[in-house]
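Indexing begins at 1, ligand by ligand and atom by atom, following the structure's order.
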Amino acid sequence: MLKRVLIANRGEIAVRVIRACRELGVETVAVYSTADENALHAQLATKALCIGPARAADSYLNQDALLSAALASGCDAVHPGYGFLSENPEFADRCAAAGLKFIGPSGGVIRRLGSKSAARTLACQAGAPVVPGSDGPVKSARQARELAGQVGYPVLLKASAGGGGRGMRQVDRPEGCKEAFAAAQAEAVACFGNGEMYLEKLIVNPRHIEFQIMGDSQGNVVHLGERDCSIQRRRQKLVEESPSVALDSRLREAMGAAAVAVAKAAGYVGAGTVEFVLSPDGAFYFIEMNTRIQVEHPVTELVTGIDLVKEQLRVAAGLPLSFTQEQVRPCGHAIECRINAEDPGQDFRPCPGRTEFLHIPGGPGVRVDTALYPGYEVSPYYDSLVAKVLVHAPTRLEAIRRMRRALEELVIEGYPTNANLAHLIMYDPEFVKGQYHTGFLDTHLERLLELARTCDRLTEEEEG
Ligand code: ADP
C-alpha cells in the first residue's frame, strides 16, 4: 500500500481523502494557502505545509510548490481531488517524473480525454453513440454555420477544453452563429487559455446521466451504475441521485457497457466518470469523460457500499480492484444536495463569511461531507461549495423524505446558502414524480424563489 499521500486540494474533498487514508493506515500531508491556515483539512492531516498565498494560482495551482512539498515530506503519492490540478496532464506527468504516484490516470490518458472534441472521436471509435456534430474541431463561425445547417438547429458550440458549463453557447438560428462563436471562444480563451471549439446538436430536454467507472492497472474496468444529475442551474449540478428513474435495466446495461468501452479504449486506470445526455426518446449520447473523482461520488458510494477513494488508493498502489462487475450490486436510493455559500435570490452571488452557527444533520441514512466547523470563515478565494448533504434509503420516496428532514435539521448561519432552494426542490411535484430534465431548474427557479421568499416572510412574521 501507499505510505504517505500529499493531498493537493482543500475543503471537503481534502477531508474526504484524509478520512480514507486514515482508515487504510496511510499518512497524509495536507497543503494549505495562507487563507486556509485554520482550515479543517490542515488540522486533520498527519502533517500540514503552507504552500503559498491565498490566490489559487499561487498555491493550490502552483505545481512547483506542490511537488517540493511532496518530496520534502517524503510522500510517495499525490491525490489531486477534483478541480485545481486534478485534470492537468502536465501535473500528472511531473508527479510521475518525480517518482510520485499520481492518484488518477496517467498524463497521456488525461490528455486523450481532456480535449472534449478528441474524446468524442475516441468514444466514436469505441462504438459509443455521440451527439451528432462536428468531426473534430470547428475552426470558424462560418464552418460552424455550415455544419449546423447539416445537423439541424438548435446546436451547441462547445469549447474542447471546457468545463463547468463555460465556453458553451446555444445557437437557434444561422444568424446567431457568428456572435455565439465569438462569445464562446472568447470565454474559452479567458477561462481555459484554449479557444478550440466543436459543435454538437442540442438534445432538447435531455437528462444528464453519468456512469461511475473504476479501472485498475491489470486492465480491469467496471462501472458502478449511474447518477442522474439533471437538476442543474446554468449547466452546473445542484442535486444528484442514483439510480435514475429514467433507466430500466436494459438501458442501464447498454449505457454501462458503452461507458466501460470508452474507458477501456482510453486505457483508463483509476476513478472516472463517463457523461451522457439521454434524450426523451430513450436515445443516449456520450458527451465527455471526467478523469477525476467527482463532487457527487458519494451518491454512488451510498448505493454500492464501495469506498471509491479507498479504491483509488488501492489502484494507485498497483493493486487490482477489490470487486468485479458482478459484485457491484447497487441497493436502495441515494440523493445528494450541494450546499453553496451563495444567494439564490441575487443571481446566486457567492457569499463568503464567518460560520456563526452550525448544525449538521445526522440520524439514519444521512451523510454530510463538509469542511465547515463553527467559527470557520468561508473564503472568497475558492469555490462556494460548503457542504454536501446526502441521504440513502430503501426507496426513492423514502430518500426524498429523508432529504427533506435532513435539510430541515441543517442550520448554517453567517451567510446565505441555497439550502432552502434544495429543500423546496424536494417538494416539487415534478421532482417527486421523477419527471424532470436538465431544463427543470431554469424553468422553475422563479416560482421556487418566490415560494422561498413567502416562507421567509411568514417565518419572520411568526417570529417577529
Ligand atoms: P462541462 O464540462 O462544461 O460541464 P458538458 O459537456 O459536461 O460541459 O455539459 C454540461 C451540461 O450541458 C450537461 O450536463 C448537459 O446538461 C448540457 N449538455 C451538454 N451537451 C449537450 C447536448 N449536446 N445537448 C443538450 N444538452 C447538453
Run the numbers for me: atoms of ligand 1, each under 4.0 Å from some heavy atom of [X], listed by number.
X: K201; result: 22 (C), 23 (N), 24 (N)
X: T438; result: 16 (O)
X: E275; result: 7 (O)

Review point. Taking distance alone, with no angle check, do V131 and ligand 1 share an N/O pair under 3.5 Å?
Key: no
Check your understanding: If you measure from atom 3 (O) of ligand 1 to every heavy atom of P206, G165, G162, A119, which option wins on shortest distance?
Key -> G165
Check your understanding: Out of H208, M168, R207, R235, who gets a non-hydrogen atom closest to atom 14 (O) of ligand 1?
Key -> H208
Within the 3.5 Å criterion, strictly below it, is a donor on [X] or [Y] matched to an acceptor on the partner's side chain?
X: Q312; Y: R314; value: no
X: Q143; Y: S140; value: no
X: R227; Y: T300; value: yes

For [atom], what's the nearest protein heavy atom and its distance?
atom: atom 22 (C) of ligand 1; value: L156 CD1, 3.6 Å
atom: atom 8 (O) of ligand 1; value: K116 NZ, 3.0 Å
atom: atom 7 (O) of ligand 1; value: E288 OE2, 2.6 Å
atom: atom 16 (O) of ligand 1; value: Q232 OE1, 3.0 Å

How does [X] reach ligand 1, by side chain, by backbone, by both or by neither, if only non-hydrogen atoms under 4.0 Å count?
X: V204; value: neither
X: K158; value: side chain
X: I203; value: both

Point to revise | Side-chain (E288) to main-chain (A119) donor-acceptor, under 3.5 angstrom | key: no
Practice item. Give a yes or no on whether the backbone of V295 and the side-chain of K388 come within a donor-acceptor separation of less than 3.5 Å. Key: yes
Exercise for review: Quick one: sort the F440 and H444 rings into parallel, tilted or perpendicular, breaks at 30° and 60°.
Suggested key: tilted
Revision key, fill the gap. Hits for salt bridge (Lys or Arg N to Asp or Glu O under 4.0 Å) against R233, two or more places apart or cross-chain, chain-then-number order -> D347
Check your understanding: Salt bridge or not for R235 and E275, using N-O below 4.0 Å?
Key -> no
Check your understanding: Looking at M426, E240, E241, H423, which hits side chain to side chain contact (heavy atoms under 4.5 Å, CB included) with C337?
Key -> M426
